[in-house]
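So you know, we letter chains A, B, ... as the sequences are listed, proteins then strands, and number each from 1.
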There are 2 protein chains.
Amino acid sequence: MAKKAVKKGCDSAPVKLMPDATADKLAKLAWAIAHPARVQILRLLIGRNVCMCGEIVSCLPLAQSTVSQHLKILKDSGLIQGEVDGPKVCYCVNDAILTKLKQLVGEL
Amino acid sequence: MAKKAVKKGCDSAPVKLMPDATADKLAKLAWAIAHPARVQILRLLIGRNVCMCGEIVSCLPLAQSTVSQHLKILKDSGLIQGEVDGPKVCYCVNDAILTKLKQLVGEL
DNA sequence: GCCTTTCATCGTATATCTACGATTAACGAT
DNA sequence: ATCGTTAATCGTAGATATACGATGAAAGGC
């Protein structure tokens with residue numbers, strides 16, 4: 001084995017892993033939907049185009065403040081966006097980011 | 001608008017959100033790739049078919065124990081599986097689960 | 001003006017993640 | 001049997017997520 005034995009069983013591509021910004025991007029988007037409540041919220045919005053925060057709250061077995069936090073996480077990820085409408089807030093999906101997520105996962 | 005104003009802007013589908021097992025499933029799989037290191041590991045395995053744990057460690061700027069934890073998370077999710085090969089362990093992707101992930105995201 | 005509705009934010013408690021070094025377990029080679 | 005290699009697990013520390021009630025801010029109705 002002189003040197004090191006040539007790693008049988010694994011090819012020998014000179015392991016190189018660029019920092020890879022897309023890994024970060026995918027991880028962030030995946031994180032946004034890494035909770036059942038957020039998946040349900042996202043689906044709800046996809047199915048209805050727009051939806052008030054209050055309605056979302058009444059669909060989930062969670063406190064209003066908790067739902068608001070999940071909405072914030074989804075909003076921070078870019079997957080959804082909220083538009084103020086009087087005292088209410090209408091949320092809707094950001095299709096561009098959703099498409100980006102699908103693309104990043106699809107390219108895996 | 002007499003009563004309540006019919007929720008202009010929002011349709012009126014009688015909010016009903018089944019527990020939805022697929023939301024849980026998607027959330028779990030998304031969680032598995034919700035960390036840049038795990039995305040990189042997954043990509044590395046996809047690109048090489050199989051890969052020893054040691055090699056993965058040397059590709060990442062993380063301690064061996066940390067990588068092992070990430071591998072465990074990926075393994076628990078089903079996305080990858082490890083096969084013991086002497087003192088080494090060769091990891092590879094579980095295509096069925098990866099496909100499932102792609103499907104769940106694609107169906108969003 | 002005042003009050004109600006709607007939603008975000010604050011403060012808090014608990015749980016889980018992330019990372020590391022150290023230790024343990026499994027296997028082959030000598 | 002002993003040693004070296006490989007990888008999982010343990011133990012720990014710090015950060016972050018999750019959930020809730022309570023409070024705060026913004027807008028419209030009385």
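Nearer the 5' end of DNA chain D, as judged by each residue's closest nucleotide, is the contact made by Ile73(A), out of Gly86(A) and Ile73(A). In terms of position on DNA chain D, the residue among Val84(A) and Gln69(A) whose nearest nucleotide sits closer to the 5' end is Gln69(A).
Of the residues Gln40(A), Arg38(A), Lys75(A), the one that meets the side-chain hydrogen bond (donor to acceptor under 3.5 Å, both in side chains) test with His70(A) is Arg38(A).
In this entry the distance linking CG of Leu62(A) with P of dA19(D) reads 6 Å, nearest Å. Straight-line distance from the CG atom of Leu74(A) to the P atom of dT18(D): 11 Å, rounded to whole Å. Rounded to an integer number of Å, the gap from NE2 of His70(A) to C1' of dC20(D) is 12 Å. Going from atom CD1 of Ile33(A) over to atom P of dA17(D) covers 16 Å, rounded to whole Å. Computed from coordinates, the Ile41(A) CD1 to dA19(D) C1' distance equals 13 Å when rounded to whole Å. In this structure, Lys88(B) atom NZ and dA29(C) atom C1' are separated by 13 Å, rounded to whole Å. For the pair Glu55(B) CD and dA7(D) C1', the interatomic distance rounds to 14 Å; values are reported in whole Å.
Of the listed nucleotides (dG21(C), dA8(C), dA22(D)), dG21(C) has the atom at the smallest distance from the side chain of Ala63(B). Listed candidates were dG28(C), dT9(C), dA7(D). Nearest to the side chain of Met52(B) is dA7(D). In this structure, of dA17(D), dG21(D), dA8(D), it is dA17(D) that holds the atom nearest to the side chain of Trp31(A). Residue Lys72(B) has its side chain nearest to dT9(D) when only dT18(C), dT9(D), dT5(D) are considered. With dA7(D), dT18(D), dT9(C) as the choices, the nucleotide that has an atom nearest any side-chain atom of Val89(B) turns out to be dA7(D). Among the nucleotides dG28(C), dA19(C), dA8(D), the one closest to any side-chain atom of Lys75(B) is dA8(D). When distances are taken from the side chain of Thr66(A) to each of dC20(D), dC27(C), dT18(C), the shortest belongs to dC20(D). Of all nucleotides listed (dA8(C), dA19(D), dG21(D)), dA8(C) comes nearest to the side chain of Gln64(A). Ranking dC20(C), dA8(C), dA7(D) by closeness to the Ser68(A) side chain, first place goes to dA8(C). Listed candidates were dT18(D), dA8(D), dG28(D). Nearest to the side chain of Leu71(B) is dA8(D).
Taking only side-chain nitrogens and oxygens, His35(B) comes nearer than 4.0 Å to OP1 or OP2 of dA19(C).
Thr99(B) contributes a side-chain N or O that, together with a main-chain N or O of Asp95(B), makes up a donor-acceptor pair within less than 3.5 Å. Remark: side-chain polar atoms of Ser68(A) are not paired, donor with acceptor, to backbone N or O of Gln64(A) under 3.5 angstrom.
Heavy atoms of other residues, nucleotides or ligands lying less than 6.0 angstrom from CD of Gln81(B) number more than 12.
When all heavy atoms are compared, the tightest approach of Arg43(A) to Ala23(B) is NH1-N, 3.5 Å.
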